[in-house]
Amino acid sequence: MTTRYTRRRFMATSAASMAALSLPVVLRAQTAAPQHLLRAASRVLDIGGRAANVFGLENARGGQGLILDPGERFSVRLENALDIETMIHWHGQIPPNDQDGVPDAPMPALRPGEARDYDFAPLAGTHWMHSHMPVQEMQLLAAPLIVRSDEDLAEDRQEVVLILQDFSFASPDELMANIDHGPGHGAMDHGAMDHGAMDHGAMGGGMMSRMMGGDHGGMAGMNGMEMDLNDIDFDAYLANDRTLADPEIVSVERGGRVKLRIINAASATVFWIDTGGIEGRLVAVDGHAVEPLSGRRFGFVMGQRLDIELDLPAAEGAWPILALREGERERTGIILATPAGQISKIAELGDEAAPAFDYDLAQEASLRARASLPQRAAARREMVMLDGTMSPYRWTINDRTWGGHAPIHVRSGERVEVMFHNMSMMAHPMHLHGHVFQVLGVGGRNIGPPRRINGAVRDTVHIPPMSMVTIAFDAGEAARWMLHCHHMPHLITGMMTELVVSV
């Protein structure tokens, strides 16, 4: 299956050149079309020579996902072609609350055969969309959502969309049953996900699970404690629905410039992006521009996105872009290749395990937004405690799980600062619906001058074990917005609360 965005070099002033833009698998929206169709449907992938039944978000051309032009509205009809209820969240966007895509908050999930219309002004950038029923996201019910900007049109560069996912042949129920919950805890218990958003009527999607420890996926933490990097072993790690046994080959030009739009849509896997022999420039995170940061390895957690620019050599060649699994040797990726470039086989296991991602928050502390929030005094400050244990397998926000949660109350228009304090030995990618925020400080220290906001603008932030990260945002629409961990097994066991915005 081809998943490439092969944009030839063009003169920015030539309107006719836009006819050359194509992306067979990720549909590029047509400006003349008043509405775009997305279908939540079943599909079959070939993974290691074995048929894998998964879900997907199919566009009108039969591919996965959607690309919108600058200034175009998000005008979409979503059809549920599955035989179970579903609901799609537009991750990174700020729609009206009733279009946010969380079942029963406030709209009910879509029944089989039902359709629903969405219409709002989208934020430009690299975003994605996924089921807000975590077992369905584990079944690959996710796809890219790319909103191009005028700057994108003006640049002379090729764009390549890369979505990363983890997969196994066992069902999510089997996964959760095999994680060690300890005595008295069932696989889906805790009263955690008893509303429609956490319905478990999904297909099986498989993996063997284990607790991480010792010399197998853990890493020595503070005071000799052990960080748990991975508690799940998946059967495959996918880049655009493929493994390194049969990777996507993206045709590029000698000496060309490439913009990689990379999405971590995995349910429970942190990745490092390794650009190999080409030094990259990180130019955006979570769809928001940052001052360019040079390097050959950048990491990101579940729910986050990276935009990386590459200047290719003038000679013929092939350049792997690899995603390395945190704490392990597994890897996946794509290959950029010129027409005469020699492509070599790449092993799915690296020579050594990749390190833990940003446990000291060095990458996060180095990011600077190109466009910051206005400088304002905070009207409200909140401490959010993140905690949990591997045995029993239970993850909490302020010592509570969903259903018994304590919402965070703010007023619309207020500048709010939230300090996430992770007291557990696993990292948590924390995602806030309906808002973007800016990272204010890491480890109890401000990024930049005191009380000035200098960090990256995001919608999902990485909180390493035994760490603190402070964010700032302006409270938006008066409504109830979800705040949760984007590690799906953590979410299933209750790691979610609400930001309640009042007038």
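What you see is a predicted model, and the numbers here were worked out from it, not measured in a lab.
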Flag side-chain contact, heavy atom, 4.5 Å: V270 against L229 = no

Check: H409 and S502 side chains under 4.5 Å, non-hydrogen atoms | no

Sidechain-backbone polar pair: W319 side chain, P313 backbone, donor-acceptor under 3.5 Å = no

Could you pull out the closest heavy-atom pair between M87 and P103, with the gap in Å?
-> CB-CG, 3.3 Å

Heavy-atom donor-acceptor pair, Q99 side chain to P96 backbone, under 3.5 Å | no

R394 side chain vs G494 backbone, donor-acceptor pair below 3.5 Å | no

Any chance you could measure Q363, atom CD, to W272, atom CH2, to the nearest 0.5 Å?
-> 6.0 Å

Could you pull out the closest heavy-atom pair between T338 and A315, with the gap in Å?
-> CG2-O, 4.3 Å

Find out whether L367 and V439 are in side-chain contact, i.e. whether some heavy atom of one side chain is under 4.5 Å from a heavy atom of the other.
-> no

Are the side chain of D166 and the backbone N or O of A268 linked by a donor-acceptor pair below 3.5 Å?
-> yes

Check: R305/T126 side-chain N/O donor and acceptor closer than 3.5 Å | no

Show the numbers, then the answer: is there a salt bridge (Lys or Arg N to Asp or Glu O under 4.0 Å) between D152 and R157?
-> CA-CA 8 Å; D152 292 323; R157 65 190 177 196; 2.8 Å; yes

The side chain to side chain contact (heavy atoms under 4.5 Å, CB included) partners of A362 (sequence neighbours excluded) come to D358, D360

Of all heavy-atom pairs linking P247 and G333, the shortest is CB-O, 3.8 Å

Cut-off 3.5 Å, side chains only: do H433 and H484 have a donor facing an acceptor?
-> yes

Is the shortest distance from a Lys or Arg side-chain nitrogen in R257 or D156 to a carboxylate oxygen in the other one below 4.0 Å?
-> no

More than 12 heavy atoms of other residues, nucleotides or ligands under 6.0 Å from CZ of R329: is that the case?
-> yes

What distance separates F167 CZ from T332 OG1, expressed to the nearest 0.5 Å?
-> 13.0 Å

If you measure from CG on L440 to CZ on F473, what distance do you get to the nearest 0.5 Å?
-> 12.5 Å

Can you measure from OH (Y237) to CG (L164) and round to the nearest 0.5 angstrom?
-> 12.0 Å

Do H36 and N59 have side-chain N/O donor and acceptor atoms under 3.5 Å apart?
-> no

With distance as the sole test, does S366 use its side chain to make a donor-acceptor pair with the main-chain N or O of E364 at under 3.5 Å?
-> no

Sidechain-backbone polar pair: H405 side chain, E498 backbone, donor-acceptor under 3.5 Å | no

Got a list of side-chain donor-acceptor pairs under 3.5 Å for residues 287-297, not counting sequence neighbours?
from : atom 1 : to   : atom 2 : distance (Å)
R296 : NE     : G276 : O      : 3.1
R297 : NH2    : D274 : OD2    : 3.0

In R381, R380, R376, the residue satisfying salt bridge (charged side-chain N to carboxylate O under 4.0 Å, His left out) with E414 is R380

Would you sort out whether I163 and N240 count as a side chain to side chain contact (heavy atoms under 4.5 Å, CB included), showing the intermediate values?
-> CA-CA 5 Å; I163 184 168; N240 292 345; 3.5 Å; yes

Is there side-chain contact between W402 and M482, with at least one heavy-atom pair below 4.5 Å?
-> yes

Does a salt bridge link D100 with R480, judged by any charged N lying under 4.0 Å from a carboxylate O?
-> no

Heavy-atom neighbours of R445 CZ exceed 12 at 6.0 Å = no

V418/M430 under side chain to side chain contact (heavy atoms under 4.5 Å, CB included): CA gap, chis, key distance, verdict | CA-CA 11 Å; V418 173; M430 298 303 296; over 6 Å; no

Close side-chain approach of E348 and E330, heavy atoms under 4.5 Å = no

Among D286, N264, V285, which one satisfies side chain to side chain contact (heavy atoms under 4.5 Å, CB included) with T460?
-> D286

Taking E477 for the side chain and N97 for the main chain, is one N or O donor matched with an acceptor at less than 3.5 Å?
-> yes

Which value, rounded to the nearest 0.5 Å, describes the distance between L306 atom CG and F300 atom CZ?
-> 4.5 Å

Only one of R400, H428, M423 forms a side chain to side chain contact (heavy atoms under 4.5 Å, CB included) with D387, so which one is it?
-> M423

Side-chain contact test, heavy atoms from C-beta onward, threshold under 4.5 Å: evaluate it for M129 versus L66 and give yes or no.
-> yes

Examine distances only and state if a side-chain atom of Q93 and a backbone atom of H127 form a donor-acceptor pair shorter than 3.5 Å.
-> no

Side chain to side chain contact (heavy atoms under 4.5 Å, CB included) between T497 and N398, intermediate numbers included = CA-CA 9 Å; T497 188; N398 291 334; over 6 Å; no

Polar side-chain atom of D150 near backbone of P70 as donor-acceptor pair, under 3.5 Å | no

Close side-chain approach of M426 and W395, heavy atoms under 4.5 Å | yes

Correct closest heavy-atom pair for D98 and P106 would be CA-CD, 3.7 Å

With side chains defined as the heavy atoms from C-beta onward, is the minimum distance between I94 and V436 less than 4.5 Å?
-> yes

Quick one: list whatever passes side chain to side chain contact (heavy atoms under 4.5 Å, CB included) with S412, sequence neighbours left out.
-> V501

Could you tell me which non-hydrogen atom of V442 sits nearest to which non-hydrogen atom of A365, and how far apart they are?
-> CG2-CB, 4.0 Å

Does a side chain donor of either S267 or E137 reach within less than 3.5 Å of an acceptor in the other side chain?
-> no

Heavy atoms of M138 and P489 approach each other most closely as CE-CG, 4.3 Å

Residues F271, I262; criterion side chain to side chain contact (heavy atoms under 4.5 Å, CB included); working and verdict = CA-CA 11 Å; F271 291 105; I262 314 176; over 6 Å; no

With a 3.5 Å cut-off and no angle check, do the side chains of Q438 and S372 form a donor-acceptor pair?
-> yes

Taken to the nearest 0.5 Å, the spacing of F437 CZ from H431 NE2 works out to 8.5 Å

Stepwise, does the salt bridge (Lys or Arg N to Asp or Glu O under 4.0 Å) test hold for R281 with D311?
-> CA-CA 9 Å; R281 293 181 302 278; D311 288 325; 3.0 Å; yes

Considering only NZ, NE, NH1 and NH2 on the basic side and carboxylate oxygens on the acidic side, decide whether E151 and R370 come within less than 4.0 Å.
-> yes

Flag, side chain of Q64 to backbone of L57, donor-acceptor distance under 3.5 Å = yes

